[in-house]
Structure formats: C-alpha cells, structure tokens
Amino acid sequence: MNTGASPEQLHHRVLDWYAVAARDLPWRRPDCTPWGIFVSEVMLQQTPVVRVEPVWREWMSRWPTPADLAADSPGEAVRAWGRLGYPRRALRLHAAAVAMTDRHAGTVPATEAELLALPGVGTYTAAAVATFAFGERTTVVDTNVRRVLARVVTGQEYAAPSPTRAELTVAADLVPADAATARTWSVALMELGALVCSARSPRCSACPVADLCAWQVAGRPAYRGPARKGQAWEGTDRQLRGALLAALRASHTPVPRSALESLSDNEIQRERCLDSLVADGLVEPLAGGRYRLPASREAS
DNA sequence: CACCCGTGGCT
DNA sequence: TAGCCAAGGGT
C-alpha cells in the first residue's frame, strides 16, 4: 500500500510546509516555559486549540510557575478551568504542580519517564512535553499523527480505534535521527493533521505530501475497519455532572442541595453523580447539605 | 481491554 | 439536523 516515499522526502515536505503554514500559538513561542507547555498539553487533551488558548493565557497570568498553582486550592483550578471539559484534568494539573513543587524543586521534570509518573500524564503527554519543552528525541503519537500516517503510509482513511503495535513502529521509524529536527517533525505532523489532513474533510489539494500519500494515490478509498464508538450525551451522567459542577463553579459561596436538585428530576442519578463528583475530589461536601469546589490541598 | 469522563463547533 | 469529532488518561 505504500507509495515508496522515503522518510527524507516526507520530512522535507512536511517541515517546509510547517515553516510557512504553522499557527502562531503562544505555547510554541521560544519564550514559553516548560510549565506553559505542560499546561497547554493537558488542556489540549481532547479539547480544540481555539477553546484552550484564552484559558491558557489566564492560567499563565495567574499561575506562572508550578509553585503558584500548588499554593492555590484545587477548587480554584477547577473554577479557572471553566468550560474546557473533563474537569478532572484541572485537578490532575493541580496535583502535578504539587508533585513538581515537592519532588522536583518546583520545576517540570525533563525526561519522558519522570513526566509519565505525574498525574494526568500518559504516553502522549509525556512524549510531547519531553520533546516540545526539553528537546528530547521521542515518538509523539496523538490522534492527528495516527490519522496522517494511516493515510500517507498505510493508505487507510482512518487509523484503528486504538493504536496498534505496527502503527507505533511506523511512527517511531519516521522520527528523524536529529533531536531538534525530530521535535519540529512531531509538531509539524500534528499541525498537518489539524489543518489539512483533518478527519472529516481533508484538504488534499493543499497537502504538501498528496503525491506521496498512499491513500490519495489509491483514490481515497472509504474506511473499512471497525466502527468508532459514538459518544452518547443526552441524559448521561456526564451531562448531569457537568451541570452540577457548572453550578458550583458559578457560586463563590457553598451551594445548598436544594439548588442542585433543580438540575434534574432523577433523584437516583442526581445522587449518583453528586457522590461520584465528591469521590473524584471535584466537589467537597459540607455540613448542612451544602457543597462547594474543593478547598483542601489533598484532592486526588 | 472496555468503559467512563465534558463541551461545543462543524459537516 | 444529528452525529461526529477534538494535542487522552485512568481504572
């Protein structure tokens, strides 16, 4: 299925394209700190750039170092998270800041292995921060990279639902030997996936590697693999948890249970969601049936 | 490994 | 319009 394009050809085309097409994002600027890059990577997990940027700016202004965030309450992190979604990420970011302050002298650890040990940091984020913030030569594989390589190298419209061994090998083998080049390669491949080789309507006419792309050359055959799992929303716990947390974010004083009850007529689900929010450390129960965002420093 | 976890814009 | 989808991680 492969077009026989050499790694060097791909590198050259993609890097040249990135040099002129890259977005000017604040966490990509040379003066951005490792902490700024770290925060951006966590915020960007499953959340589009346009929604992240204003919140990121606010966080950087308010908490310019890990110690600044660690010194504040986890509840303030959750409040400042706003509507980015998956608010447990705010809690983990706060916990990571505490870990950096306690175990890393207030700095972002520089190696992939140390980063992986931090809360909220998985395979992707560890590799991304290690290379984007510290120049370590890593293999960065996110949803964009997976889709671009599925098309360009393998000739398939979409990557499999979850990463395969073969896929990771393909990505690793394409990483340039030079660390500085590898760093730009990773961000460029992600940018290509975000701006040109998008999931819905790829702009192949604007693609720097269209003539080298196995999927393009094969006539852009439709995806045949297993269906992707749709995400239900209406009536789910996630929806109600979101509504409950939004009410708590909006209030700077404890919220009585009665106010939360108005958000759903389903008492069973309401209690389940409230309990799970407390268990997650996103909500702190107070005496008298009142609730607030967590003020204690020990939330998970 | 399958499932859960928010939110909103785009096709 | 109703899905589909987004720089994933934790359990």
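Reminder, nothing fancy here: chain letters follow the sequence lines and each chain counts from 1.
Rounded to the nearest 0.5 Å, atoms CZ (A/R270) and CG (A/L244) are 9.0 Å apart.
Contacts of residues 169-207 of chain A with DNA chain B (heavy atom under 4.0 Å): A/R200. Taking a 4.0 Å limit (strictly below) on heavy-atom distances, residues 36-51 of chain A reaches DNA chain B at A/Q46, A/T47, A/R51.
A/W81 comes within 4.0 angstrom of nothing in the nucleic acid, heavy atoms only. Counting any heavy atom pair closer than 4.0 Å across all strands shown, A/G85 reaches a base atom. Within the nucleic acid shown, A/V140 has no heavy atom closer than 4.0 Å to any nucleic acid atom. At the heavy-atom level, A/T236 lies nowhere under 4.0 Å from the strands shown. Counting non-hydrogen atoms under 4.0 angstrom, A/L116 reaches nothing in the nucleic acid. If you check every strand for non-hydrogen atoms under 4.0 Å, A/R147 touches sugar and phosphate atoms only. Heavy atoms of A/L245 sit nowhere under 4.0 angstrom from any nucleic acid atom.
Of the possible polar contacts, none joining the A/T154 side chain to the A/Q156 backbone as a donor-acceptor pair under 3.5 Å is found. No side-chain donor-acceptor contact under 3.5 Å links A/H104 to the backbone of A/A97.
In this entry the distance linking CG of A/L84 with P of B/dG9 reads 13 Å, nearest Å. Between A/Q239 atom CD and B/dG6 atom C1' the separation is 10 Å, expressed in whole Å. Atom CD of A/Q231 and atom P of C/dA2 are 17 Å apart (whole Å).
Side-chain proximity of A/Y158 to the nucleotides C/dA7, C/dG8, C/dC5 is greatest for C/dC5. Among the nucleotides B/dG6, B/dT7, C/dA7, the one closest to any side-chain atom of A/Y86 is B/dG6.
Here A/R89 does not reach the OP1 or OP2 of C/dG8: none of its side-chain N or O atoms lies under 4.0 Å away.
Within 6.0 Å of CZ on A/R224 lie no more than 12 heavy atoms contributed by other residues, nucleotides or ligands.
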